[in-house]
> 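Have a look at this one before I ask anything.
Naming: A, B, ... by sequence-line order, numbering from 1 per chain. No experiment lies behind these values; they were computed from the predicted model shown.
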Number of protein chains: 2
Amino acid sequence: MSAMAASAQTPAEPKVGLRERKKIKTRTAIREATYRLIMEQGYDATTVEQIAESAEVSPSTVFRYFPTKEDIVLTDEFDPILERELRSRPADESLIDSLRHVIDDSLHLALESDDPEVSRLRTRLQVEVPAVRSRMMESMSVTGDLMCRVIADRTGRDAGDLEVRVYAMALVGAMMEATMYWAQHDHEGELRDLVMRALDTVQHGL
Amino acid sequence: MSAMAASAQTPAEPKVGLRERKKIKTRTAIREATYRLIMEQGYDATTVEQIAESAEVSPSTVFRYFPTKEDIVLTDEFDPILERELRSRPADESLIDSLRHVIDDSLHLALESDDPEVSRLRTRLQVEVPAVRSRMMESMSVTGDLMCRVIADRTGRDAGDLEVRVYAMALVGAMMEATMYWAQHDHEGELRDLVMRALDTVQHGL
DNA sequence: TAGGAAATGAGAGTTACTCTCATTTCATGG
DNA sequence: CCATGAAATGAGAGTAACTCTCATTTCCTA
């Protein structure tokens, strides 16, 4: 989930032809160009045209790889990891405990898979740039859906139940708030600890 | 909070000169034109130019009144009501109980202040149109800030505390989920009841 | 190595939004 | 009641993020 400053690395190997390798290269080239330009000039001042030029592709191609400019910064692939890890936990464990374990085990995957500076840039943009923030919140609802499915499978409830959705939203929202808090406080301390505190709050209230 | 399909009526009386009255008129003219066109053609097919023409103003004026197209649909003034009502509750009441009372007392204000069809259209757009949804989520964080301030005043904690923010986000998110659930289920039943169930979930978990 | 599919590039078009400047419309003090 | 200033509007040009289409290149595979 992008809400967690997750990795921006590219998916995995469907078929390792030249074609696929090139696509991955292009993808990361675009992303790296974007990060570089944004660090130099800021988000708004960086146009897709510049990104394209710097990544040595055409603007058309940029939009083929990423539906929107915000997505270049935000797209992450932590959701599948999250889902896999959650499902690998014992089914009788409470979801929130599972989450704690997964965060404990896998958060570093998300954070370390690319330059730490990039993680920090991304979380900062999530806080500072409205367009990025709203896109992130969009993606929050995707992660929320994921969470709903996990809950549904575990409890036998319907994934569309209001209660299920509210609970999922609370969990995902908590993780997102922890991430934003981290960014707002100059990334001091461990994100993991903040997430734990956030989850505690969901569980026990204030 | 727009998350609750709140009223789209215009603020209040700063100075009732001709000028102010005209401004209010223009504002609602734009909004009504927008609703009309969207009902006829859908959101995406409706351009700001059409809205301007239909409201008999220039496109420039539309943007003077609303920063973005989504805002024409979303802007609401329930936040101040919410804050006022929350603060009028006894300070030793738990926030969630206060919220229950306020919803009970004031939700109808938000829903009935305009054509019920408009309320329904608005909530539907929040679910269906990505741009509107993300704008709504943006406004969710504004309402969240409001909630943080209320919590801070009541408990003496800092409004920026992670725990406070997480809790506020859970409450606001719960109300929003209730609203979306309502829209997704063709506005059957009472929104109020859904909100109550959502708040219960925040309080007691699943 | 030829044929087909996938990826790319080029370019035109749409639309939301911004800025500037001239014009109109209202408020108000003399 | 009108003149002066301020606020609101309109007109128009400009930007940039997308979208679509079509021709071309690049790779895969039989």
Side-chain angles (χ1 to χ4, degrees), chain A residues 10-11 13-31 33-34 37-38 41-75 125 129-136 138, chain B residues 10-11 13-31 33-34 37-38 41-75 125 129-136 138:
Chain A
T10 333
E13 13 47 85
K15 270 213 173 93
V16 265
L18 212 189
R19 209 156 238 172
E20 308 303 322
R21 260 175 297 146
K22 261 202 154 180
K23 269 167 77 172
I24 293 181
K25 262 195 179 165
T26 308
R27 205 180 165 81
T28 64
I30 293 172
R31 251 200 291 239
T34 306
L37 288 168
I38 290 182
Q41 323 176 335
Y43 183 86
D44 288 329
T46 301
T47 77
V48 173
E49 208 165 346
Q50 291 174 342
I51 292 171
E53 192 183 353
S54 169
E56 296 183 292
V57 294
S58 75
S60 319
T61 299
V62 173
F63 286 114
R64 274 199 197 88
Y65 279 83
F66 301 94
T68 71
K69 184 178 158 190
E70 301 95 62
D71 279 290
I72 307 179
V73 170
L74 268 185
T75 313
L125 292 175
V129 180
V132 175
R133 187 173 45 228
S134 34
R135 194 64 193 67
M136 169 189 61
E138 269 292 293
Chain B
T10 332
E13 12 48 83
K15 273 212 171 89
V16 265
L18 211 189
R19 208 154 239 175
E20 309 302 322
R21 260 176 296 147
K22 262 202 153 179
K23 269 168 74 173
I24 293 180
K25 260 194 180 165
T26 309
R27 204 179 166 82
T28 64
I30 293 172
R31 250 200 292 241
T34 305
L37 288 169
I38 289 182
Q41 321 175 335
Y43 183 86
D44 288 329
T46 301
T47 76
V48 173
E49 208 165 348
Q50 291 174 342
I51 293 172
E53 191 183 356
S54 169
E56 296 183 294
V57 294
S58 75
S60 320
T61 299
V62 173
F63 286 112
R64 275 200 195 88
Y65 279 83
F66 301 94
T68 71
K69 185 178 157 190
E70 300 95 63
D71 278 291
I72 307 178
V73 170
L74 267 184
T75 314
L125 293 175
V129 180
V132 175
R133 187 173 45 226
S134 34
R135 193 66 194 67
M136 169 190 61
E138 267 293 293

> Identify the two heavy atoms, one from A45(B) and one from Q50(B), that lie closest to each other, and give their separation to 0.1 Å.
O-OE1, 3.4 Å

> If the condition is side chain to side chain donor-acceptor pair (under 3.5 Å), which residues does S60(B) pass it with, not counting sequence neighbours?
none

> Check the distance between dG9(C)'s P and E49(A)'s CD and give it to me in whole angstrom.
14 Å

> List for me each residue that meets side-chain contact (heavy atoms from CB on, under 4.5 Å) alongside K25(B), sequence neighbours excluded, and say none if there are none.
none

> Return the residues of residues 56-69 of chain A meeting this criterion: a heavy atom under 4.0 Å from some atom of DNA chain C. Order them by number, or give none.
V57(A), S58(A), S60(A), T61(A), R64(A), Y65(A)

> Return the set of residues passing side chain to side chain donor-acceptor pair (under 3.5 Å) with S58(A) (not counting sequence neighbours), or none when no residue passes.
T61(A)

> How many Å lie between NZ on K25(B) and P on dT25(C), as a whole number?
15 Å

> Rounding to a whole Å, what distance do you find between E70(A):CD and dA16(C):C1'?
13 Å

> Whole-Å distance between dT19(D) P and D44(B) CG?
10 Å

> So which protein nitrogen or oxygen atoms get under 3.5 Å of nucleotides 24-28 of chain D's nitrogens or oxygens?
residue : atom : partner : partner atom : Å
dT26(D) : O2   : R19(A)  : NH2          : 3.0
dC27(D) : OP1  : K22(A)  : NZ           : 2.9
dC27(D) : O2   : R19(A)  : NH2          : 3.2
dC28(D) : OP1  : L18(A)  : N            : 2.4
dC28(D) : OP1  : R19(A)  : N            : 2.6

> Could I get the full list of side chain to side chain donor-acceptor pair (under 3.5 Å) partners for Q41(B), not counting sequence neighbours?
T46(B)

> Just how far, in rounded Å, is C1' of dC18(D) from CZ of R135(A)?
14 Å

> Distance check needed: dA16(D) P versus Q41(A) CD, whole Å only.
11 Å

> If you compare every side-chain N and O of T26(B) against the phosphate oxygens of dT9(D) (OP1, OP2), does one of them come in below 4.0 Å?
yes

> Could you grab the distance from atom CZ of R31(B) to atom CZ of F66(B), nearest 0.5 Å is fine?
4.5 Å

> Using the salt bridge (Lys or Arg N to Asp or Glu O under 4.0 Å) rule, collect all pairs that involve residues 55-75 of chain A, keeping only residues at least two apart or in two chains.
D71(A)-R135(A)

> List for me each residue that meets side-chain contact (heavy atoms from CB on, under 4.5 Å) alongside T34(B), sequence neighbours excluded, and say none if there are none.
I30(B), I38(B), I51(B), I72(B), V73(B)

> Between E53(B) (CD) and dA16(C) (P), how many Å, whole number?
14 Å

> Identify, with sequence neighbours excluded, every residue that meets side chain to side chain donor-acceptor pair (under 3.5 Å) alongside T26(A).
none

> Given atom NZ of K23(B) and atom P of dT25(C), what is their separation to the nearest angstrom?
17 Å

